[in-house]
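Predicted model only: the values in this text are computed from it and were never measured.
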Amino acid sequence: YTYTITDGSGCSISNTVTISQPSTISVTTSKTNVSCNGLSDGTASVSVTGGTSPYTYLWSNGQTTDTAINLTANTYTCTITDSSGCTTTTTITINEPAALSSNAAITHVTCNGGNDAVVILNITGGTTDYTINAFGATLGPLLGGVSVISSGSSGGQLNLNFAVPA
């Protein structure tokens with residue numbers, strides 16, 4: 001911008017000034033979802049550029065760092081303020097897997113000492129790969145000779161054939 005000053009005698013001077021502004025505050029987010037249904041181990045982070053550093057952070061749950069920790073599944077808002085008092089807000093949603101559950105359909109051994117029992121486990125929720133501790137053995141992650149019929153990414157049916165001791 002150019003300005004001119006003129007005194008009472010008509011003498012004048014002109015000068016130029018440059019007015020600058022910081023760049024727009026820009027936010028990049030990252031998150032870690034809750035590992036198991038009902039836990040509070042999620043995290044949400046913001047990385048800030050632009051504006052005038054340093055920055056302050058205020059999360060909707062009261063935390064005041066660039067990374068909010070021990071989060072449950074929910075939506076969180078972070079207000080970032082730069083040293084000039086300019087603000088921006090971002091929102092991060094922390095998810096959790098569905099609750100892990102199962103039920104069993106059992107076909108009992110036909111004859112004493114037989115090994116034709118079948119247990120069909122219907123497993124839902126949680127996160128794959130499942131590990132099963134049953135009948136004195138650990139199965140899993142579900143690989144190899146274990147038959148898995150998938151019904152989507154979060155559930156399945158497991159057929160176990162095993163011998164029942166007499």
Trainee: Ignoring hydrogens and angles, tell me if any N or O in the side chain of Trp59 forms a donor-acceptor pair with the backbone of Thr79 under 3.5 Å.
Mentor: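 No, the answer is negative, given that no donor and acceptor are paired below the 3.5 Å cut-off.
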Trainee: Yes or no on side-chain contact (heavy atoms from CB on, under 4.5 Å) for Thr64 and Thr56, after CA distance, side-chain angles and deciding distance?
Mentor: CA-CA 7 Å; Thr64 58; Thr56 60; over 6 Å; no
Trainee: Measure the CG-CG distance between Asn33 and Leu71 for me, rounded to the nearest 0.5 Å.
Mentor: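 Asn33 atom CG to Leu71 atom CG measures 10.5 Å (nearest 0.5 Å).
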Trainee: Mind checking whether Thr4 and Ile13 have side chains closer than 4.5 Å, heavy atoms only?
Mentor: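 Result no, sub-4.5 Å side-chain heavy-atom pair not found.
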Trainee: Is the shortest heavy-atom distance from the side chain of Tyr3 to the side chain of Val17 under 4.5 Å?
Mentor: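 Yes, side chains in contact.
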Trainee: Which heavy atom of Pro22 sits nearest to which heavy atom of Gly51, and what is that distance?
Mentor: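 Smallest heavy-atom distance, with atoms named: CB-O, 3.7 Å.
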Trainee: Do Val34 and Ile94 come close enough that some side-chain heavy atom pair is under 4.5 Å?
Mentor: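 Result yes, sub-4.5 Å side-chain heavy-atom pair found.
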Trainee: Please report the C-alpha distance between Ile25 and Cys86 in whole Å, then the side-chain angles of each, then the deciding distance to 0.1 Å, and finally whether the side-chain contact (heavy atoms from CB on, under 4.5 Å) criterion is met.
Mentor: CA-CA 8 Å; Ile25 298 173; Cys86 301; 4.0 Å; yes
Trainee: Could you tell me if the side chain of Thr2 sits less than 4.5 Å from the side chain of Asn15, heavy atoms only?
Mentor: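 No, side chains not in contact.
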Trainee: Answer whether the closest heavy-atom distance between the side chains of Asp7 and Ser12 falls below 4.5 Å.
Mentor: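 They are not in contact (no side-chain heavy atoms under 4.5 Å apart), so the answer is no.
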Trainee: Do the side chains of Thr87 and Ile80 get nearer than 4.5 Å, heavy atoms only?
Mentor: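 No - every pair of side-chain heavy atoms lies 4.5 Å or more apart.
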Trainee: Any side-chain donor-acceptor pair under 3.5 Å between Thr29 and Thr90?
Mentor: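 No, no side-chain donor-acceptor contact under 3.5 Å.
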Trainee: Can a donor-acceptor pair be found between the side chains of Thr77 and Thr89 at a distance below 3.5 Å?
Mentor: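 No pair is found: no donor N or O on one side chain lies under 3.5 Å from an acceptor on the other.
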Trainee: Report all side-chain donor-acceptor pairs from residues 35-47 shorter than 3.5 Å, counting only partners two or more places apart or in another chain.
Mentor:
residue	atom	partner	partner atom	Å
Ser35	OG	Asp41	OD2	2.4
Asn37	ND2	Pro97	O	2.9
Asp41	OD1	Ser35	N	3.0
Thr43	OG1	Thr32	OG1	3.2
Ser45	OG	Thr67	OG1	2.9

Trainee: How does the hydrophobic cluster around Leu58 look, that is, which other residues are in it when side-chain heavy atoms under 4.5 Å mark a link?
Mentor: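 Once heavy-atom contacts under 4.5 Å are chained together, Leu58 still belongs with nothing else.
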Trainee: Begin from the C-alpha positions of Lys31 and Asn95 and carry the test side-chain contact (heavy atoms from CB on, under 4.5 Å) through to its verdict.
Mentor: CA-CA 10 Å; Lys31 68 177 182 175; Asn95 300 306; 3.3 Å; yes
Trainee: Once side chain to side chain contact (heavy atoms under 4.5 Å, CB included) is applied, do any residues pair with Ser53, and if so which ones, sequence neighbours excluded?
Mentor: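 Side chain to side chain contact (heavy atoms under 4.5 Å, CB included) list for Ser53, sorted by chain: Tyr55.
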Trainee: Asp66 vs Tyr57, test: side-chain contact (heavy atoms from CB on, under 4.5 Å). Steps then yes/no.
Mentor: CA-CA 6 Å; Asp66 62 345; Tyr57 310 91; 3.7 Å; yes
Trainee: For residues Glu96 and Thr72, determine if any side-chain heavy atom of one lies less than 4.5 Å from a side-chain heavy atom of the other.
Mentor: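 Of all side-chain heavy-atom pairs linking Thr72 with Glu96, none is under 4.5 Å.
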